[in-house]
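Predicted, not measured: the structure shown is a model, and the values here were computed from it. Each ligand, and each atom within it, is numbered from 1 in the order the structure gives. All values below come from the heavy atoms of this structure, side chains included, with hydrogens, waters and symmetry mates left out.
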Amino acid sequence: MRNIVFAFSILVCSLPAMAQDQAFNYTVQKSVTARQGAVASAHPLASLAGLKMLQQGGNAVDAAIATQLALAVVYPSAGNLGGGGFLVAHLANGKELAIDYREKAPGRAHRDMYLDDKGAPIVKLSLDGHHAAGVPGTVAGLFASLPYGKLKMAQLIAPAIELADKGFVITAAEARSLNNLRKDFENLNTRPVAFVKQNEWKAGDTLIQKDLARTLRLIRDKGAAGFYQGETADKIVAEMQRGKGIISKADLKAYKAATRIPLRFPYKGYTILTMPLPSSGGVILQQLLGMTEKYPLAQYGFHSIAAVHLMVEAERRAYADRAEFLGDPDFVKVPVKAITQPQYLASRMQDFNPQQASSSTKIKAGQPKESEETTHLSVTDAQGNAVSVTTTLNGGYGSRVVVGGAGFILNNEMDDFSVKPGSPNMYGLLGTEANAIAPGKRMLSSMTPTIVLQGNRPYMVTGTPGGSTIITSMFQTIVNVLDFGLSESDAVNKPKFHHQWQPETVYVEKGFPDSTVAGLKKMGHKVDNRNAIGRVELITIKNGRITAVADNRGDDSAAGY
Ligand code: GLY
């Protein structure tokens with residue numbers, strides 16, 4: 001292991017010394033052990049950008065900012081300037097943070113904006129193109145995080161600028177996803193974009209993003225105003241006008257990240273620190289862990305029929321509550337206390353039958369779609385700071401609209417509102433009035449950046465992309481470590497399952513034990529296979545030893561020293 005860490009240190013130090021115009025190349029590192037600090041993210045170059053900040057005297061917040069900025073360049077399907085996210089941190093001085101930079105509905109948005117004249121949802125309108133974009137929050141979030149770091153933005157943004165300017169080598173998977181979306185990029189954009197070239201992309205090609213480098217320089221030189229005002233704002237609004245979108249200069253200028261109180265609750269002697277509303281993630285995670293806590297999961301066994309049945313039944317009940325109650329707390333009153341109280345959670349499980357599946361009420365719901373492109377990064381440092389960040393454009397490459405001349409992709413986050421109460425969104429999730437569209441409102445999210453504390457010290461730092469499956473992946477990652485005692489690597493990489501009340505199906509990943517599937521079916525569960533669930537980044541800190549694991553489901557990579 002030591003060799004691996006050493007190899008990374010060499011690579012990190014060599015990054016700035018690379019020859020002019022030479023594209024960045026890299027190798028993926030799935031697991032590292034370290035003593036001082038570590039970063040795990042969706043892309044090796046982004047993890048290395050974060051590690052570089054730690055090695056230059058920055059703390060975990062600095063590393064998280066630099067990693068996010070690098071992801072905006074090297075992981076354009078989900079890393080972003082034109083989307084939003086959440087940061088949860090436990091700082092060494094005891095301070096706990098939740099920074100909310102979720103996108104907001106533009107001022108001209110209204111409740112029925114995605115309905116046709118018969119009141120039916122026009123699905124494409126909230127997913128594809130200019131109309132699907134909410135007012136981006138990421139840049140405001142980075143600047144709201146900055147006071148908790150030690151370095152200046154110019155230093156944190158430098159790796160991202162260099163990566164955009166010189167380019168980086170793309171993998172076969174990245175080439176495939178860019179080729180698959182070529183038509184969308186061509187049809188939905190009003191200007192040529194860096195993601196389309198004359199011939200098909202292939203592994204080993206270099207992606208250079210000069211427009212994006214210019215936008216990053218404006219942010220470096222002018223701060224958040226380099227994005228929300230002046231040249232970049234002009235470009236966003238011009239793009240909106242060309243594509244009949246509705247984000248205005250006033251929307252951009254008014255955007256502010258919100259500082260929230262992290263959700264904090266006990267679980268089996270540990271403390272879970274996670275994201276409050278407008279993410280449903282923390283509330284639903286608290287419900288899931290609360291509903292299952294009194295059952296002997298460890299005794300049932302990992303992937304046993306009894307454990308999976310129990311967890312699925314808790315998921316069914318929690319996701320029903322998600323649909324009913326949750327929305328932006330700045331706009332609707334959400335009974336968070338009531339629906340997370342132990343008595344309430346016990347009452348929800350009163351009709352749980354350990355031998356038989358229960359039934360979700362019959363509400364029409366869609367199938368979860370494949371694209372669940374959000375991205376997560378976990379960071380720790382030598383001082384004891386821990387930072388967990390999940391950000392998103394919503395679908396892969398968001399709206400697929402690149403702001404002309406500015407080089408970044410806009411989100412399609414408006415689809416996370418309940419476009420029509422009772423109609424499913426792209427993840428098959430249902431919602432009610434609580435998550436209806438209103439100007440300036442934040443759409444409900446499932447992103448669940450989470451830190452588990454042992455005493456007052458970080459023990460696990462974790463999170464994942466995956467749309468509606470984010471919360472159930474976090475549920476499993478936590479119990480995999482704390483209840484089932486799995487290694488970090490198994491906790492992340494073993495096949496996962498997911499149930500979200502509607503549709504009434506347990507989804508299992510490839511490799512899930514056949515005997516458990518058969519047992520669940522016997523109890524009356526409908527079970528279906530599906531594509532990969534999530535891409536978890538997990539760091540644990542046990543007796544001063546840091547283990548960082550990046551999910552095998554993608555090119556995710558860990559770095560440490
Ligand atoms: N766009 C996915 C989420 O926020 O949950």
Check your understanding: Is E239 salt-bridged to K235, going by a charged N under 4.0 Å from an acidic O?
Key -> no

Revision key, fill the gap. The answer for which part of T392 has a heavy atom under 4.0 Å from ligand 1 is side chain

**Study point:** Identity and distance of the protein heavy atom lying nearest atom 4 (O) of ligand 1
**Key:** S445 OG, 2.7 Å

Study note, to complete from the structure: heavy-atom search around atom 5 (O) of ligand 1 in the protein gives S446 N, 2.7 Å

Review point. Considering only heavy atoms of D416, which atoms of ligand 1 have at least one such atom less than 4.0 Å away?
Key: 1 (N), 2 (C), 3 (C), 4 (O), 5 (O)

**Study point:** Distance-only donor-acceptor check, side chains T391 and Y101, under 3.5 Å
**Key:** no

Review point. Is a salt bridge present between E413 and R442, judged by a nitrogen-to-oxygen distance below 4.0 Å?
Key: no

**Study point:** More than 12 heavy atoms of other groups within 6.0 Å of K30 NZ
**Key:** yes

Practice item. Answer with yes or no whether the side chains of H376 and T390 bring together a donor and an acceptor at under 3.5 Å. Key: yes

Practice item. Tell me yes or no: between the side chains of R322 and S446, is some donor less than 3.5 Å from an acceptor? Key: yes

Review point. Can you find an N/O atom of T374 closer than 3.5 Å to an N/O atom of ligand 1?
Key: no

**Study point:** Atoms of ligand 1 close to N394 [distance to a heavy atom under 4.0 angstrom, numbered from 1]
**Key:** 1 (N), 2 (C)

Point to revise | Shortest heavy-atom approach to atom 1 (N) of ligand 1 - which of M443, E413, R102 | key: E413

